[in-house]
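Numbered from 1 within each chain, the chains take letters A, B, ... in sequence-line order.
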There are 2 protein chains.
Amino acid sequence: MEKTDRKSEILHVAAKLFRERGYNAVSMRDIAKELDIKAASLYNHISSKQEILELTIIRIAEAFTNGINLINSQDISVKEQLTLLVELHIKLTLADPDAMACVNNDWMHLAKQELDYFIQMRNRYEDKFRSILKKGISSGEIADLNVELMLFSMLSTLRTLHLWYGRKKSLQPAQLKADMTRVLLQGIL
Amino acid sequence: MEKTDRKSEILHVAAKLFRERGYNAVSMRDIAKELDIKAASLYNHISSKQEILELTIIRIAEAFTNGINLINSQDISVKEQLTLLVELHIKLTLADPDAMACVNNDWMHLAKQELDYFIQMRNRYEDKFRSILKKGISSGEIADLNVELMLFSMLSTLRTLHLWYGRKKSLQPAQLKADMTRVLLQGIL
DNA sequence: TCAACAAACTAACATTTGTTAGTCTGCACA
DNA sequence: TGTGCAGACTAACAAATGTTAGTTTGTTGA
């Protein structure tokens, strides 16, 4: 049991440090020190610092892509789709808050190829989110307000969940989901 | 006219680059190249790279501090106070989106002293924002939901305005303020 | 005409960085 | 007992970084 191999350990430690200080402020020696080994030893498990970043970010970006595709394929109301989107963000954030912070803060440090891939996924994700909102406006489920504003208001809240969740131990995931859906859809009044 | 002195030029160019790549990924040589001078020449105007960061971030943090203090001192309804907070964020973001991005992304790279000062201001800002929400709950103006959730939902939306505003040239500040207040207070339904 | 100064330059520095090469050690298994 | 290998190590590298020292250049006001 607890068969966490060394590579996963490295990825988790790195994500934690990246979250605290940012990718460029964390050196391979910093990561190594946290694991009580020397920097050169890291290269027995990973091929480069870039690879650490890629494995951390791309995995989560793909999870979002898969998640929204699944939601989009279902024949349910817009409100239900939005509820599932809230759930998706919560699930992925709670599963690995450090990596999620990394996605939000350090994606621009990906190398060209992975950067292009990431941006493509992000754009498509936002496009699909936007489509859901537009569909809701057409059907009358959603108020006819500025779509871009609604989109980024929801997205920014969902994307920065990692910043404050964790200080409130009392808040259970199911309750968080219910409260967050309520606030995002109906506001605070 | 256009008496922008060299120091301001440096600060603006630096903020633009910091926004694109992050503080640690931008070298003094990068900043200098953007101004068609050599890195050493920058030191005729500024004392260190840290100083650039400090001047950029602290100014805005203090503007927020002053802004919320002014709002707090007024004897108006909670709803009116929240509207003024929305206005404050919009005003400061539109005045200098690059510096605002810098505040959001690079504050952790401030040196100890300024970092402590910044965090203190940020905590007090959030405390005052939270107090306004709590007052609203007591008076019945605001729904009795999780305060932390409402606080960070609003804050994350307001703080990341710089990420998407600018793609929508058509949206005027006054309209943005009205729409954003509507979405944050009453939701999207 | 010349002194003063702002603001650019060249050259160099000590550190830090990511990474590689080559080596050592101890466990698993034949 | 011995072979192989995972995974640690030491040593070193070239490149990039922030910064300093000392110098040149051009404009401005006496």
(message) Just to verify, what does A:Y23 make a ring-ring contact (aromatic ring centres under 6.0 Å, His included) with, not counting sequence neighbours?
(response)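 ring-ring contact (aromatic ring centres under 6.0 Å, His included) check on A:Y23 returns A:F18, A:H109.
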
(request) Taking atom types as modelled, find out whether A:E54 and A:Y117 have a side-chain donor-acceptor pair closer than 3.5 angstrom. (result)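 Note: A:E54 and A:Y117 side chains miss the donor-acceptor criterion.
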
(message) Does either side chain, that of A:S8 or that of A:D5, offer a donor lying less than 3.5 Å from an acceptor on the other one?
(response)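 There is such a pair (donor and acceptor under 3.5 Å, judged by atom type) between the side chains of A:S8 and A:D5.
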
Output the distance between atom [atom1] ([X]) and atom [atom2] ([Y]), rounded to the nearest 0.5 Å.
X: B:H45; Y: B:R6; atom1: NE2; atom2: CZ; value: 6.0 Å
X: A:M108; Y: A:L110; atom1: CE; atom2: CG; value: 10.0 Å
X: A:T160; Y: A:N104; atom1: OG1; atom2: CG; value: 7.5 Å
X: A:I58; Y: A:E51; atom1: CD1; atom2: CD; value: 12.0 Å
X: A:L133; Y: A:S138; atom1: CG; atom2: OG; value: 11.0 Å

N/O contacts under 3.5 Å, protein versus nucleotides 23-28 of chain D?
none

If you count the non-hydrogen atoms of other residues, nucleotides and ligands that lie under 6.0 Å from [atom1] in [X], is the total more than 12?
X: A:K128; atom1: NZ; answer: yes
X: A:Q74; atom1: CD; answer: yes
X: B:K135; atom1: NZ; answer: yes

Among all residues two or more places apart in sequence or in another chain, which pass the side-chain hydrogen bond (donor to acceptor under 3.5 Å, both in side chains) test with [X]?
X: B:R21; result: B:D30
X: A:N66; result: none
X: B:Y125; result: B:H89
X: A:K91; result: none

(message) If you define the side chain from C-beta out and look only at heavy atoms, does anything of B:E148 sit under 4.5 Å from A:Y165?
(response)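 No, side chains not in contact.
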
(request) Could you tell me whether the side chain of B:L184 reaches within less than 4.5 Å of the side chain of B:L82, counting heavy atoms only? (result)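 A side-chain contact under 4.5 Å is absent here.
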
(request) Pull out every residue in residues 12-30 of chain B that has a heavy atom closer than 4.0 Å to any atom of DNA chain C, ordered by number, or say none. (result)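 DNA chain C contact set from residues 12-30 of chain B: B:R29.
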
Atom pairs under 3.5 Å: protein N/O with N/O of nucleotides 23-28 of chain C:
none

(request) Specify the separation, in whole Å, of atom OH of B:Y43 and atom C1' of C:dC9. (result)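 For the pair B:Y43 OH and C:dC9 C1', the rounded distance is 15 Å.
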
(request) Would you mind building the protein contact string for nucleotides 3-8 of chain C? One character per nucleotide, 5' to 3', B for base within reach (heavy atoms under 4.0 Å), S for sugar-phosphate only, - for untouched. (result) ----BB

(request) Under 4.0 Å from any atom of DNA chain D, heavy atoms only: list the residues of residues 47-57 of chain B that qualify, in numerical order. (result)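 Per residue number, the list reads B:S48, B:K49.
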
(message) Under 4.0 Å, heavy atom to any atom of DNA chain D: which of residues 106-118 of chain B qualify?
(response)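 Close to the strand, none.
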
(message) Check this for me, if you would: do A:R130 and A:D127 make a salt bridge, where the nitrogen-to-carboxylate-oxygen distance has to be below 4.0 angstrom?
(response)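 The answer is yes: the pair qualifies as a salt bridge.
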
(request) Give the cluster check for B:L70 versus B:F64: same hydrophobic cluster or not, with ILVMFWY residues linked at side-chain heavy-atom distances below 4.5 Å. (result)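 No, separate clusters.
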
(message) Based on the rotation axes of five pairs at each end, what angle does the helix from C:dT1-D:dA30 to C:dA30-D:dT1 bend through, to 10°?
(response)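 End-to-end axis angle: 0°.
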
(request) Might you point out which heavy atoms bring B:I188 and B:R182 nearest each other, and give the distance in Å? (result)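 Heavy atoms only, the tightest pair is C-NH2, 4.4 Å.
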
